Amino acid sequence: MQNTETKQIAKLRWFPLEVSDIIVLVIIALTLFIYIQVKDFDFINYDDPKYVAQNIHVMKGLSVENIKWALTTIVDNNWLPLTLITHMIDVQLYGLKPGGHHFTNLILHLFNTVLLFILISKLLGSQGRAAFISVMFAVTPMHVESVAWVAERKDVLCGFFWILTMLSYSHYAQNQKKAFLVLTTALYALALMSKPMAVTLPFALLLLDFWPLRRFQPERGLKQLIPLVKEKIPMFVLSAISSVVTFYAQNTGEVMAKLEYLPIDDRLKNALIAYMMYFIKLLYPTNMAAIYTIERPAPIVKTLIAISFFVTLTALVIIYAKKAPAFFTGWFWFTGTLVPVIGLVQVGSQSMADRYTYIPSVGIFLAAAMAVPGFNDKVRKMTVAAVFTGIIIFFTLTAHKQVSFWKTDIKLFEHAIAVTHNNYIALSNLGAAYMTRKMYEESEIVLSKSILIERNYPPAYVNLANVYVRMGKFDQAILNYTISDNLRPNSPYVYNGLGVILMSKGDVKGAEMYFKKALSIDPYYISAINNLKRIYGNNK
């Protein structure tokens with residue numbers, strides 16, 4: 001007779017991989033298919049210079065001095081030292097070859113997707129639903145901007161620590177060991193140091209307490225909430241500090257839109273429209289662009305539809321919170337984590353941005369996964385699998401195509417102009433991209449068009465002035481610099497441009513004065529630094 005051990009050996013499966021292993025391999029394969037092309041991509045002229053390509057500290061690589069700088073400085077009106085340090089590490093590894101910087105974003109997105117699968121499997125106890133959510137997270141075209149754009153390292157890095165924070169918290173909720181709560185708080189701090197959008201994470205943890213952790217049941221009274229909030233006080237404090245720092249940084253940088261330019265009712269309309277558009281694009285991704293401009297005035301019909309959409313869904317998930325808690329958590333995960341970037345405190349001129357959905361999208365995918373009931377019979381299971389496969393194929397091919405537009409800034413902004421209406425920001429950036437390639441006539445045409453659409457957008461005037469400087473049309477350049485300065489005074493770009501004109505005319509002292517004025521506003525502005533070096537070098 002065979003002993004028990006022999007029988008067990010005889011029953012070994014012919015296929016050595018577990019289901020979870022296969023899911024992870026599929027995630028990796030799909031992600032690589034979509035994003036491996038980024039290794040051949042360039043930096044683009046939209047924020048990449050601020051973070052890497054022309055950042056004098058990041059360009060020097062990792063050092064104690066540069067780490068101190070990252071911890072104590074504001075870049076692009078945000079405090080995100082951990083993101084800056086990862087860029088320094090990339091420079092140490094790859095130099096300024098953009099392919100390596102893109103590859104790091106890809107690796108982080110891969111980690112995030114696999115970690116999300118582990119997290120959802122733990123929370124739901126269902127590998128099938130976890131596979132749906134994590135694969136959708138991996139392939140949705142709405143995440144292309146976060147992964148294919150070097151400057152959005154902050155998104156994928158913040159996402160990495162966000163998911164780790166939730167994993168640590170799920171361990172704490174299970175065994176109540178204080179060590180995991182301390183670890184959760186530490187990981188949360190790292191998420192905030194990557195991108196301040198993580199301020200909503202403690203609130204997302206409260207949603208998990210409601211469902212699926214079920215640490216809070218409303219029918220038992222609100223007193224249950226008190227200990228759940230108390231244990232998160234350190235995180236709420238970190239969130240408050242980060243919010244104050246971010247508000248100060250953005251207000252100091254004068255990137256916040258003034259109420260007279262964008263009244264509160266217009267901001268509210270735009271926010272509601274943005275919620276609706278994010279939801280639609282997550283379900284049916286189309287006409288995605290690097291930049292979406294605000295429609296002013298907001299279309300009445302579109303606004304009414306957006307209001308109805310938001311109010312109806314919010315009311316439904318609240319009414320059916322007890323019967324369908326997954327929809328409650330999913331919807332408020334989506335809407336709540338978007339609050340910092342939804343436009344009520346308007347930063348910049350965009351109406352929305354695909355990158356903002358990187359973490360919020362999980363809420364929609366979570367609700368969608370729970371909307372499909374479990375089936376026992378094979379026919380229904382096969383039908384669900386077929387539909388899921390069709391969705392994944394569509395999303396994967398769409399994402400692959402969308403990634404290709406990020407290869408160069410010209411391709412990126414030409415696409416944005418093609419799929420949006422009157423996109424004066426994309427036109428301005430396209431003009432700057434043409435200028436760097438010495439396509440001055442083409443640049444002048446698109447920049448003039450940008451100004452015709454929006455006469456109160458300073459960067460378009462600066463870019464057009466820069467083109468005129470290169471064309472030797474100094475009077476026209478000065479006129480455009482002056483208009484920009486009237487719209488947004490004390491711009492380092494204007495002072496630097498005026499300095500270049502004076503230097504071209506032989507007025508070295510006047511040029512030096514303007515370059516110094518530019519550096520008094522932005523001490524790290526590399527063009528002004530290089531121009532001053534030229535002056536001092538010529539005077540030796």
Side-chain angles (χ1 to χ4, degrees), residues 46 77 141-142 145 197 200 246-247 250-251 254-318 331-358 360-361 363-364 413 415-430 449-461 487-488:
Y46 191 37
N77 304 292
M142 290 292 281
E145 188 168 293
M197 188 176 168
T200 56
T246 302
F247 184 84
Q250 293 179 343
N251 201 41
E254 295 185 351
V255 295
M256 288 190 179
K258 307 298 182 185
L259 283 173
E260 59 266 25
Y261 172 74
L262 195 62
I264 192 65
D265 59 327
D266 285 344
R267 297 179 190 215
L268 185 58
K269 291 173 187 174
N270 178 70
L272 292 168
I273 291 172
Y275 272 124
M276 180 178 71
M277 295 309 299
Y278 283 134
F279 183 86
I280 291 171
K281 284 179 178 288
L282 282 169
L283 297 182
Y284 182 66
T286 184
N287 292 337
M288 290 161 291
I291 301 166
Y292 305 96
T293 54
I294 297 174
E295 295 180 276
R296 287 179 296 154
I300 295 175
V301 174
K302 194 174 185 179
T303 302
L304 291 175
I305 293 172
I307 293 170
S308 301
F309 161 81
F310 187 86
V311 171
T312 301
L313 279 185
T314 302
L316 286 173
V317 298
I318 291 173
W331 176 249
F332 283 108
W333 177 318
F334 169 66
T335 56
T337 54
L338 275 171
V339 165
V341 291
I342 203 61
L344 295 177
V345 178
Q346 184 65 35
V347 177
S349 304
Q350 76 280 356
S351 62
M352 55 183 284
D354 296 348
R355 62 187 179 274
Y356 293 157
T357 67
Y358 194 72
S361 62
I364 297 301
F413 297 120
H415 171 72
I417 291 163
V419 299
T420 57
H421 180 65
N422 285 340
N423 198 327
Y424 60 92
I425 304 176
L427 284 163
S428 178
N429 281 280
L430 180 61
K449 188 175 180 181
S450 173
I451 290 168
L452 280 174
I453 296 169
E454 177 53 71
R455 295 189 176 275
N456 295 313
Y457 185 60
Y461 290 102
L487 291 170
R488 187 181 294 167

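The shown structure was predicted, so the numbers you read here are calculated from the model rather than taken from an experiment. Quick note: residue numbers are just sequence positions, from 1.
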- Task: Please answer whether the main-chain N or O of R455 pairs with a side-chain N or O of Y461 as donor and acceptor at a distance below 3.5 Å.
- Result: yes
- Message: Just verifying a value: how many Å separate I273 CD1 and I342 CD1, rounded to the nearest 0.5 Å?
- Response: 11.0 Å
- Message: Is any side-chain heavy atom of T357 closer than 4.5 Å to one of F334?
- Response: no
- Report the C-alpha separation of F309 and Y275 in whole Å, then their side-chain angles, then the decisive distance to 0.1 Å, and conclude whether the ring-ring contact (aromatic ring centres under 6.0 Å, His included) test is met. CA-CA 9 Å; F309 161 81; Y275 272 124; 8.5 Å; no
- Message: Just verifying a value: how many Å separate K281 NZ and M276 CE, rounded to the nearest 0.5 Å?
- Response: 11.0 Å
- Message: For S308 versus T312, what's the shortest heavy-atom pair and its separation?
- Response: O-OG1, 2.6 Å
- Message: Is the shortest side-chain heavy-atom distance between I451 and Y457 below 4.5 Å?
- Response: no
- Do you know which two heavy atoms are closest between P299 and T303, and how far apart they sit? O-OG1, 2.7 Å
- Mind telling me whether F279 and W331 have parallel, tilted or perpendicular rings, with 30° and 60° as the class edges? perpendicular
- Task: Hey, could you give me the NE2/CG distance between H415 and N423, rounded to the nearest 0.5 Å?
- Result: 11.0 Å
- Item | E295 vs K269, salt bridge (charged side-chain N to carboxylate O under 4.0 Å, His left out): CA-CA, chis, key distance, verdict | CA-CA 10 Å; E295 295 180 276; K269 291 173 187 174; over 6 Å; no
- Can any side-chain N or O of S361 pair as donor or acceptor with the backbone N or O of Y358 at less than 3.5 Å? yes
- Message: Show the nearest heavy-atom pair for residues R488 and P458, with the distance to one decimal.
- Response: CB-CG, 3.8 Å
- Does a side-chain heavy-atom distance below 4.5 Å link T293 with T420? no
- Item | Separation of E454 CD from L427 CG (nearest 0.5 Å) | 12.0 Å
- For I453 against N422, the heavy-atom pair lying closest together: CG2-O, 3.6 Å
- Query: Below 4.5 Å, heavy atoms only, C-beta onward: do I364 and W333 meet side chain to side chain?
  - Reply: no
- Which distance, rounded to the nearest 0.5 Å, do you find between the OH of Y356 and the CG of L338? 10.0 Å
- Decide yes or no for P297 and D266: does some side-chain heavy atom of the first lie under 4.5 Å from some side-chain heavy atom of the second? no
- Under the side-chain contact (heavy atoms from CB on, under 4.5 Å) criterion, do M197 and R355 qualify, and how do the steps go? CA-CA 11 Å; M197 188 176 168; R355 62 187 179 274; over 6 Å; no
- Task: Would you name the heavy atoms of A460 and S450 that are closest together and state the gap between them?
- Result: CB-OG, 3.6 Å
- Message: Checking the side chain of N429 only, and the main-chain atoms of I425 only, is there a donor and an acceptor separated by less than 3.5 Å?
- Response: yes
- Task: Report the distance from atom CZ of F332 to atom OG1 of T314, rounding to the nearest 0.5 Å.
- Result: 5.0 Å
- Query: Checking Y278 side chain against A353 main chain: does a donor-acceptor pair fall under 3.5 Å?
  - Reply: yes
- Message: Any non-hydrogen side-chain atom of I291 less than 4.5 Å from a side-chain atom of F413?
- Response: yes
- Note on the structure: Nearest heavy-atom approach of A416 to A290 is CB-N, 4.3 Å
